[in-house]
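Everything on this sheet refers to the single structure shown next.
Values in this document were obtained by computation on a predicted structure and should not be read as measured data. All residue numbers refer to positions in the sequence shown, counting from 1.
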Amino acid sequence: MYVDLAARERIAKDSAFWYQKAMETNGGILSMNSADANKEILLMNPVFKQMIWGGNKLGSKWGYEIPGENTGECWAVSAHPNGDCTVREGTYAGKTLSQLWAEEPQLFGNAAGDRFPLLIKIIDADDDLSIQVHPDDAYAGKNENGSFGKTECWYILDAPDGATLVIGHNAKDKGELEDMINNGRWDEFLREVPVKKGDFIQIDPGTVHAIKGGIEILETQQNSDITYRVYDYGRLQDGKPRELHIGKSIDVITVPAKSVEESVINIPSDAKNAMVPLITCDYYQVWKLDVDGGMEVSQEYPFLIMSVVEGDGLINGQQIKKGDHFILPGGFGSVQLQGKMELIASTIV
């Protein structure tokens with residue numbers, strides 16, 4: 001118990017709820033007493049990426065052990081060859097997510113596909129990212145050695161006052177698009193929109209976009225690492241400009257761009273202890289959970305990814321905190337969440 005001496009109150013800590021559950025179930029919630037591996041929570045070890053635009057908040061704010069001060073990306077749940085996460089503990093400790101997808105398909109509801117379909121990231125943009133665009137499955141499959149395309153969405157974890165993102169463009173047709181890009185008419189071409197903490201943005205293939213400095217996001221995306229750079233502010237890396245992909249970008253950019261209203265989704269801020277739907281598209285479903293006290297979720301999906309983005313608490317009696325990312329396998333069943341925390345959850349459609 002925590003004792004508030006001024007108010008003369010005793011307040012139960014998360015550990016009190018844990019012991020309560022352990023006693024109620026006669027130890028049944030303890031992982032050591034579970035014979036069903038599908039009832040295990042698959043906590044992931046993230047992979048970190050240093051970027052020219054990265055910062056240090058993934059270390060100073062999130063508590064991760066990062067490789068350096070310019071760490072821009074935490075690949076939190078990933079089975080991509082460029083960053084394959086491992087399981088932290090339990091029956092599958094040390095195994096990569098790609099291994100589990102291949103060797104233990106029952107953990108993912110025997111979902112179809114030759115690779116784990118999603119990739120979850122936290123991005124800390126200390127500086128502006130390049131202006132970029134992603135291809136769809138058809139274009140990537142043909143031009144990028146059979147890769148998936150890249151549909152993604154962003155939950156804004158934090159943003160400074162007056163923050164903006166680049167989402168979309170102002171070209172009316174393909175001819176004007178090419179002229180604006182080839183002649184560097186960036187101020188006319190790019191469309192910046194205001195954003196704040198808690199906003200949600202869907203980025204379909206063909207959408208020109210860029211995260212601006214000072215913004216942190218949680219990204220849910222297809223399992224792909226294909227990005228075409230349209231413009232990079234003339235920055236140098238190792239004394240040389242980074243590669244641009246002008247031809248491919250012009251090929252895939254959608255003209256005209258989607259409206260801002262179709263891209264930026266406002267989330268109800270007062271919904272407590274519920275799975276609040278953010279988006280359903282061809283590749284994923286995403287929810288926000290604001291746990292305040294306790295709630296129950298039925299894990300009825302092939303698998304359910306969860307990321308704790310604020311606070312701490314318990315999941316079926318197991319302690320979790322900000323920065324933890326885990327997968328609830330198919331057939332997991334009832335999920336009890338307790339504490340005060342925010343989570344983003346996702347699965348396939």
Could you check whether Tyr301 and Trp287 have their ring centres less than 6.0 Å apart?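 That pair passes the under 6.0 Å test.
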For the residue pair Tyr231 and Tyr233, is the inter-centroid distance of their aromatic rings smaller than 6.0 Å?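 That pair passes the under 6.0 Å test.
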Could you give me the CA-CA distance, side-chain angles and deciding distance for Lys248 and Tyr139, then say whether side-chain contact (heavy atoms from CB on, under 4.5 Å) is met? CA-CA 9 Å; Lys248 289 179 176 179; Tyr139 191 94; 3.5 Å; yes
Check whether [X] and [Y] end up in the same hydrophobic cluster, where Ile, Leu, Val, Met, Phe, Trp and Tyr are linked by side-chain heavy atoms less than 4.5 Å apart.
X	Y	result
Tyr284	Ile217	no
Leu157	Leu278	yes
Trp154	Leu118	no
Leu165	Tyr228	no
Val47	Leu100	no

Minimum heavy-atom separation for [X] and [Y], please, with both atom names.
X	Y	result
Met44	Val77	CG-CG2, 4.2 Å
Cys85	Trp75	SG-O, 3.2 Å
Pro46	Cys74	CB-SG, 3.5 Å
Asn273	Val291	OD1-CA, 3.4 Å

Taking the inter-plane angle between the rings of His209 and His134 on a 0 to 90° scale, is it parallel (under 30°), tilted (30 to 60°) or perpendicular (over 60°)?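 Geometry flag for His134 against His209: tilted rings.
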Test your reading of the model: is there a side-chain donor-acceptor pair from [X] to the backbone of [Y], 3.5 Å cut-off?
X	Y	value
Glu342	Gly311	no
Ser224	Phe148	yes
Trp101	Gly113	yes
Arg191	Ile167	yes
Lys197	Glu216	no
Asp173	Gly175	yes
Gln132	Ser130	yes
Ser78	Gly83	yes
Gln222	Thr151	yes
Thr207	Ile203	no

Would you compute the distance between atom [atom1] of [X] and atom [atom2] of [Y] and round it to the nearest 0.5 angstrom?
X	Y	atom1	atom2	value
Ile226	Asp136	CD1	CG	12.5 Å
Leu97	Leu42	CG	CG	8.5 Å
Met180	Asp187	CE	CG	10.5 Å
Asp292	Lys340	CG	NZ	3.5 Å

[X] vs [Y] side-chain heavy atoms within contact, under 4.5 Å:
X	Y	result
Pro117	Asn223	no
Trp186	Val166	no
Ile181	Ser249	no
Ile320	Met306	no
Lys49	Asn82	yes

Here's a test for you: under side chain to side chain contact (heavy atoms under 4.5 Å, CB included), which of Leu190, Val230, Val255 qualifies with His169?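 For His169, the side chain to side chain contact (heavy atoms under 4.5 Å, CB included) test succeeds with only one of Leu190, Val230, Val255, which is Val255.
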Considering only NZ, NE, NH1 and NH2 on the basic side and carboxylate oxygens on the acidic side, decide whether [X] and [Y] come within less than 4.0 Å.
X	Y	value
Lys61	Asp158	yes
Asp324	Lys321	yes
Glu144	Lys150	no

Given Lys212 and Glu192, is the salt bridge (Lys or Arg N to Asp or Glu O under 4.0 Å) satisfied, shown in steps? CA-CA 10 Å; Lys212 307 285 280 184; Glu192 290 195 35; 3.6 Å; yes
Heavy atoms of other groups near Asn183 CG, more than 12 under 6.0 Å: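 Correct, the count exceeds 12.
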Kindly check if the number of other-residue, nucleotide or ligand heavy atoms within 6.0 Å of NZ (Lys172) is above 12?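 Open.
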Quick one: does NZ or CZ of Lys57 land under 6.0 Å from the six-membered ring centre of Trp62, within 45 degrees of the ring axis?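 Not satisfied by the 6.0 Å and 45° rule.
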Could you go step by step and tell me if Thr220 and Tyr155 meet the side-chain contact (heavy atoms from CB on, under 4.5 Å) rule? CA-CA 8 Å; Thr220 303; Tyr155 176 72; over 6 Å; no
With no hydrogens and no angle check, just 3.5 Å: does a side-chain donor-acceptor pair link Thr347 and Gln285?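 There is no such pair between these side chains.
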Show your working on side-chain contact (heavy atoms from CB on, under 4.5 Å) between Glu73 and Glu219 and close with a plain yes or no. CA-CA 10 Å; Glu73 295 186 350; Glu219 179 174 293; over 6 Å; no
Worked check of side-chain contact (heavy atoms from CB on, under 4.5 Å) between Asn70 and Ile52: CA-CA 7 Å; Asn70 62 334; Ile52 192 173; over 6 Å; no
